[in-house]
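One structure below.
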Amino acid sequence: MQKITKVVIPAAGFGTRFLPATKANPKEMLPIVDKPVIQYAAEEAVAAGIKDIIFIIGRNKQSIEDHFDKAYELEAELAAKQKTLLIDSVQAIVPSFVNCIFIRQPTALGLGHAIHCARPVISNEPFAIILPDDLIDSDSCGCLSQMMDIYNQTGKSVLAVERVKGPEISKYGVIEIENFEDRLGKIKTIVEKPPFESAPSDLGVVGRYILSYKVMEILGRLPPGSGGEIQLTDGISELLKLEDINAFEFYGTRFDCGSKLGFLKANIALGTKSGEVGESLISWIKEQKF
Ligand code: UTP
């Protein structure tokens with residue numbers, strides 16, 4: 001079984017749901033407490049044993065490259081002022097044994113197209129995907145680490161899923177499954193954003209995937225799908241015709257930080273856990289008469 005050492009983190013979308021904040025700033029750089037949301041994705045990847053992080057970026061996304069680069073002047077300034085904790089926090093963004101690779105998606109043609117932009121770096125090997133918008137907070141190990149365990153047991157592609165209540169399901173890729181036991185099952189079909197009435201289940205796909213490289217060949221020849229975009233879900237649907245794919249209901253809480261409500265919830269949930277401001281935030285919330 002081939003080991004998974006590479007993750008693709010797509011970050012070339014326009015982030016229109018966050019305008020005007022995202023007019024000149026990438027939504028992936030919006031902070032959750034004191035770290036940009038994309039840093040949580042990189043940390044989850046590193047914790048899962050990833051060695052190469054492939055960021056897909058576009059115009060106006062230079063600050064993502066800068067964030068994962070060394071900041072000599074800043075570190076020198078902090079060193080001169082003996083602010084060692086801050087130096088540590090800046091240097092620990094990505095460990096030195098992890099490579100950060102940046103690839104441009106010239107036009108935002110959809111998530112499937114963004115993933116296909118990593119094709120030259122993904123040879124014939126399985127790889128992971130983390131959508132940085134989906135911040136997953138788990139008390140045990142991270143979502144991608146949980147999925148790596150499943151992959152290491154089965155050798156098959158695996159998608160993270162969660163149960164979605166009511167009409168919200170029509171905003172997700174939705175799966176039909178057989179024998180869902182111990183949070184794991186074989187996917188029968190997958191469909192992007194089905195109407196609520198015809199959704200095949202309440203299991204929505206969230207932003208974590210481990211996929212066979214064959215999906216790259218498929219994405220290269222896919223026509224645009226839902227919303228006129230090249231959809232990763234359509235690529236996975238084609239991959240299902242060639243190989244088994246498992247769905248795994250991960251342990252943890254997901255925040256959709258690409259939406260305003262999810263972003264605010266993530267800041268509150270992680271803020272209350274912060275050693276620096278957690279207690280004060282909880283006391284403040286208790287005092288409010290919302
Ligand atoms: P989204 O559809 O949530 O991102 O894609 P978006 O298009 O930026 O958001 P809105 O709807 O306009 O607010 C999920 C992830 O895929 C990336 C996005 O940057 C985000 O991290 N993406 C999406 C790309 O990299 N390229 C694309 O063409 C589309």
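Values below: every heavy atom of this structure, side chains too, minus hydrogens, waters and symmetry copies.
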Original post:
Parallel, tilted or perpendicular: which describes the rings of Phe18 and Phe263, with under 30° parallel and over 60° perpendicular?
Top reply: perpendicular
Original post:
Roughly how far, to the nearest 0.5 Å, is CZ of Phe255 from CG of Leu261?
Top reply: 10.5 Å
Less than 4.5 Å apart, side chain to side chain, heavy atoms only: is that true for [X] and [Y]?
{"X": "Met1", "Y": "Tyr151", "result": "yes"}
{"X": "Ile38", "Y": "Phe68", "result": "yes"}
{"X": "Leu232", "Y": "Tyr209", "result": "yes"}
{"X": "Leu109", "Y": "Pro224", "result": "no"}
{"X": "Ile177", "Y": "Val161", "result": "no"}
{"X": "Ile32", "Y": "Lys35", "result": "no"}

Using only atom types and a distance under 3.5 Å, with no angle test, would you say the side chain of [X] pairs donor to acceptor with the backbone of [Y]?
{"X": "Glu44", "Y": "Leu144", "answer": "yes"}
{"X": "Lys6", "Y": "Val121", "answer": "yes"}
{"X": "Lys61", "Y": "Gly13", "answer": "yes"}
{"X": "Ser283", "Y": "Glu279", "answer": "yes"}
{"X": "Gln2", "Y": "Asn124", "answer": "yes"}
{"X": "Ser157", "Y": "Ile245", "answer": "no"}
{"X": "Ser274", "Y": "Glu276", "answer": "yes"}
{"X": "Gln231", "Y": "Gly110", "answer": "no"}
{"X": "Asn267", "Y": "Val33", "answer": "yes"}
{"X": "Ser201", "Y": "Ile175", "answer": "yes"}

**OP:** Indicate whether any N or O donor in one side chain lies under 3.5 Å from an N or O acceptor in the other, for Ser226 and Glu192.
**Re:** no
Subject >> Non-hydrogen atoms of Thr189 and Leu240 that approach each other most closely >> reply: CA-CD1, 3.9 Å
Subject >> Exercise: identify the closest heavy-atom pair between Phe180 and Ala247 >> reply: CE1-O, 3.8 Å
Answer yes or no: is there an ion pair linking [X] with [Y], defined by an N-O contact shorter than 4.0 Å?
{"X": "Asp139", "Y": "Lys273", "result": "yes"}
{"X": "Glu238", "Y": "Lys241", "result": "yes"}
{"X": "Lys81", "Y": "Glu77", "result": "yes"}

Original post:
side chain to side chain contact (heavy atoms under 4.5 Å, CB included) between Phe248 and Arg208: does it pass, once the steps are laid out?
Top reply: CA-CA 10 Å; Phe248 170 61; Arg208 302 291 182 279; over 6 Å; no
Original post:
Hey, which of Ile129, Thr154, Val158 is the one that makes side chain to side chain contact (heavy atoms under 4.5 Å, CB included) with Ile210?
Top reply: Val158
Original post:
Under a single-linkage definition using a 4.5 Å side-chain heavy-atom cutoff for Ile, Leu, Val, Met, Phe, Trp and Tyr, are Ile190 and Tyr172 assigned to the same hydrophobic cluster?
Top reply: no
